[in-house]
Every structure is written in structure tokens, then in C-alpha cells.
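The residues of the chain are indexed from 1 along the displayed sequence.
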Amino acid sequence: VQLQASGGGLVQVGESLRLSCGASGSTLSITAMAWHRQAPGKQRELVATISSGGKSSYADSVKGRFTISRDIANNILYLQMSSLKPEETAVYYCVADTFDDLPDGPVVARYWGQGTLVTVSS
């Protein structure tokens with residue numbers, strides 16, 4: 001699975017931004033997808049996840065402001081972000097988990113996109 005994130009950029013505090021992540025390759029194997037982020041000098045953290053059935057979950061810090069969604073037909077993952085804060089300046093990564101029920105046994109894997117930079121300026 002190959003993941004290509006886009007939509008990052010420079011925004012002002014309080015503004016909104018939508019990230020997209022296109023998936024290609026063995027997309028039928030994708031189960032859950034997620035967005036992670038890594039701020040300068042900090043560890044990577046989970047932002048939001050969405051299951052193959054559309055169930056979503058969020059980090060407490062983004063609940064009510066971020067929305068994760070998924071266009072399964074077109075293999076696109078989105079992250080709608082609003083009321084952005086300076087501390088949310090980070091590289092945002094999309095992630096796809098896969099499951100393949102192979103003759104030798106099930107195989108699970110995780111794939112990462114290259115990341116897209118979001119800068120929130122005060």
C-alpha cells in the first residue's frame with residue numbers, strides 16, 4: 001500500500017485546513033486508517049482513527065475540532081481540522097493498517113505516508 005498525503009500549509013490561529021491522503025496498491029486489504037502527527041522536538045502522537053466500518057476515535061486534544069473521514073470507493077482519507085492552535089504545528093502522517101488472510105496464515109501490516117507539514121502561525 002502506498003499513501004500520499006497532501007493539503008498541509010501555513011494557516012493562522014483559529015483557521016481550518018483539510019488534509020487528504022490517497023491510497024494505492026493493495027487497498028482492498030486496508031482495514032483501519034489513521035492520522036498521526038509529530039511536532040518539532042516531540043514524539044509522534046495519534047490524532048484520529050477510523051475503522052473500515054466508519055467508526056472514528058480522536059485524541060482528547062482534538063475532539064470537537066477535528067473530523068476524520070474516509071472515501072472508501074476512491075481510497076481517500078481526510079482530516080478536517082478547525083480552530084487550529086500554534087501547538088498543532090506538526091508533520092501529519094496518514095497510516096493504513098492491512099489484513100491479508102493468506103494460505104500460510106493471516107498477515108497484518110502498517111503503512112505510513114510521507115507526511116504533510118501543517119504550520120499554525122500566531
Side-chain angles (χ1 to χ4, degrees):
V1 173
Q2 295 79 46
L3 302 171
Q4 182 72 41
S6 61
L10 174 64
V11 296
Q12 301 297 312
V13 170
E15 291 186 340
S16 299
L17 198 63
R18 188 177 79 161
L19 305 182
S20 300
C21 176
S24 60
S26 301
T27 58
L28 292 178
S29 299
I30 295 176
T31 55
M33 298 189 76
W35 289 96
H36 292 240
R37 66 186 178 190
Q38 187 167 21
K42 295 188 176 181
Q43 289 188 329
R44 195 171 295 187
E45 63 174 350
L46 176 64
V47 176
T49 64
I50 187 166
S51 71
S52 56
K55 183 176 181 180
S56 58
S57 63
Y58 299 91
D60 287 343
S61 61
V62 306
K63 281 181 181 176
R65 298 186 298 115
F66 288 16
T67 302
I68 188 171
S69 61
R70 187 172 170 184
D71 180 349
I72 293 179
N74 293 297
N75 299 309
I76 303 174
L77 178 71
Y78 297 102
L79 184 68
Q80 178 67 47
M81 306 182 292
S82 62
S83 302
L84 283 161
K85 305 174 183 179
E87 57 265 36
E88 294 178 315
T89 293
V91 177
Y92 285 71
Y93 299 90
C94 60
V95 175
D97 290 335
T98 62
F99 175 87
D100 289 286
D101 195 6
L102 302 179
D104 290 341
V107 175
V108 296
R110 172 164 287 185
Y111 297 87
W112 292 77
Q114 88 290 358
T116 185
L117 176 62
V118 174
T119 303
V120 185
S121 174
S122 57

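- Take Arg65 and apply the salt bridge (charged side-chain N to carboxylate O under 4.0 Å, His left out) test, not counting sequence neighbours, and it matches Glu88.
- Under the side chain to side chain donor-acceptor pair (under 3.5 Å) criterion, no residue pair touches residues 112-122, with sequence neighbours excluded.
- Applying the disulfide (SG to SG under 2.5 Å) test to pairs two or more places apart or on separate chains, none has a residue in residues 56-92.
- Annotation: side chain to side chain donor-acceptor pair (under 3.5 Å) contacts involving residues 93-106, sequence neighbours excluded, comprise Ser29-Asp100, Asp97-Arg110.
- When hydrophobic residues (I, L, V, M, F, W, Y) are linked wherever their side-chain heavy atoms come within less than 4.5 Å, the members clustered with Ile76 are Tyr78.
- Hydrophobic cluster membership of Leu3, counting Ile, Leu, Val, Met, Phe, Trp and Tyr whose side-chain heavy atoms lie under 4.5 Å apart directly or via other members: Val1, Val11, Val13, Leu17, Leu19, Ile30, Met33, Trp35, Val47, Ile50, Tyr58, Val62, Phe66, Ile68, Leu77, Leu79, Met81, Leu84, Tyr92, Tyr111, Val118, Val120.
- Between Asn75 atom CG and Gln4 atom CD the span is 14.0 Å, to the nearest 0.5 Å.
- Residues passing the salt bridge (charged side-chain N to carboxylate O under 4.0 Å, His left out) test with Lys63 are Asp60, sequence neighbours excluded.
- By the 4.5 Å heavy-atom criterion applied to side chains, Ser51 and Arg70 are not counted as neighbours.
- Among residue pairs with one or both ends in residues 49-122, those qualifying as disulfide (SG to SG under 2.5 Å) are Cys21-Cys94; sequence neighbours excluded.
- The backbone N or O of Ser24 sits nowhere less than 3.5 Å from a side-chain atom of Thr27 that would complete a donor-acceptor pair.
- Rounded to the nearest 0.5 Å, atoms CZ (Arg37) and CZ (Arg44) are 13.0 Å apart.
- With sequence neighbours excluded, no residue forms a salt bridge (charged side-chain N to carboxylate O under 4.0 Å, His left out) with Glu87.
- Under the disulfide (SG to SG under 2.5 Å) criterion, no residue pair touches residues 24-68, with sequence neighbours excluded.
- Cluster partners of Leu102, by chain and number: Val107. The rule joins Ile, Leu, Val, Met, Phe, Trp and Tyr whenever side-chain heavy atoms lie under 4.5 Å apart.
- Pairs passing the side chain to side chain donor-acceptor pair (under 3.5 Å) check and including a residue from residues 6-20, sequence neighbours excluded, do not occur.
- Of all heavy-atom pairs between Leu117 and Ala90, the closest is CD1-O, 3.5 Å.
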